[in-house]
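All values reported here derive from a predicted model rather than from experimental measurement.
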Amino acid sequence: MNYWLMKSEPDDVSIDDLAARPDQTVGWYGVRNYQARNFMRDEMQLGDQVFFYHSSCKEPGIAGLATVCRMAYPDPTQFDPKSKYFDAKSTPDKPRWLQVDVRFVQKTRLLSLNQLRSFPELCEMVLLQKGSRLSITPVSDADAAFILGKLC
DNA sequence: GCCAACGTTGGC
DNA sequence: GCCAACGTTGGC
């Protein structure tokens with residue numbers, strides 16, 4: 001079982017939106033970075049735990065927990081010409097972009113980016129590395145345990 | 001395969 | 001809205 005941190009813009013899908021969805025699940029559409037895609041394709045397993053992170057917003061940080069409930073499959077938005085995620089070079093035969101589904105687990109207090117940075121224990125987190133902007137990053141068992149301790 | 005130019009991310 | 005840091009594209 002792996003831990004991941006997944007960024008979502010709350011204006012798009014927030015932790016509250018996830019909780020309010022049918023089945024409390026959402027397809028993680030819109031990933032257009034190969035490294036992030038490869039994490040989903042090659043490493044994500046059913047039951048993996050997800051730290052749900054709000055990005056590009058007033059208070060960026062971890063806002064809740066989720067779990068991977070469907071393994072990687074083609075992201076439908078890549079085939080939709082009306083979508084901003086449309087990719088003309090991708091075909092249903094050879095889809096370029098994938099998504100997983102995640103299911104709501106719980107909302108937590110907001111553990112802000114600033115707070116995360118304040119813990120020396122977390123200084124190796126991929127999220128916190130200089131210049132890091134991957135929307136999906138692995139979280140080590142030790143870091144995950146530490147964060148869970150701060151959240152709950 | 002190099003690398004300049006351009007595009008994107010995301011915190012501030 | 002700025003801009004640092006990265007990623008991608010495409011000519012050569």
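Note: CD (Q129(A)) to P (dG11(B)) measures 15 Å, nearest angstrom. Atom-to-atom, CZ of R133(A) to C1' of dC2(C) comes out at 15 Å; the value is rounded to the nearest Å. One atom, CG of D87(A), and another, C1' of dG7(C), lie 15 Å apart when rounded to the nearest Å. At whole-Å resolution of the value, CD in E9(A) and C1' in dT8(B) are 11 Å apart. If you measure from atom CH2 of W97(A) to atom C1' of dT8(B), you get 12 Å, rounded to the nearest angstrom. In this structure, L134(A) places its CG atom 12 Å from C1' of dA5(C), rounding to the nearest Å. The CG-P distance, from L116(A) to dG10(B), rounds to 15 Å in whole Å. If you measure from atom CG of L128(A) to atom C1' of dG10(B), you get 14 Å, rounded to the nearest angstrom.
Below 30°, between 30° and 60°, or above 60°: for W4(A) and F39(A) the angle between ring planes is between 30° and 60°, a tilted geometry.
Contact check, Y53(A) against dT9(B): no side-chain N or O comes under 4.0 Å of OP1 or OP2. At dA5(C), one or more side-chain N or O atoms of K130(A) fall inside 4.0 Å of OP1 or OP2 (strictly under the cut-off). Taking 4.0 angstrom as the limit, K7(A) places none of its side-chain polar atoms (N or O) nearer than this to OP1 or OP2 of dT9(B).
Aromatic ring centres of W97(A) and Y34(A): separated by under 6.0 Å.
Shown here for Q129(A) and E124(A), the closest heavy-atom pair between the two residues is NE2-C, 3.3 Å. Nearest heavy atoms, V26(A) versus L18(A): CG1-CD1, 3.6 Å. When all heavy atoms of T91(A) and F79(A) are compared, the closest pair comes out as C-CE2, 3.3 Å.
Remark: the R32(A) side chain and the dT8(B) base include no donor-acceptor N/O pair separated by less than 3.5 Å.
Closest to the side chain of Q35(A), out of dG7(C), dT8(C), dG11(B), is dG7(C). Distances were taken from every side-chain heavy atom of Y34(A) (C-beta onward) to each of dG10(B), dT8(C), dC12(B); the shortest belongs to dT8(C).
Between K89(A) and N33(A), the one whose closest nucleotide on DNA chain C sits nearer the 5' end is N33(A).
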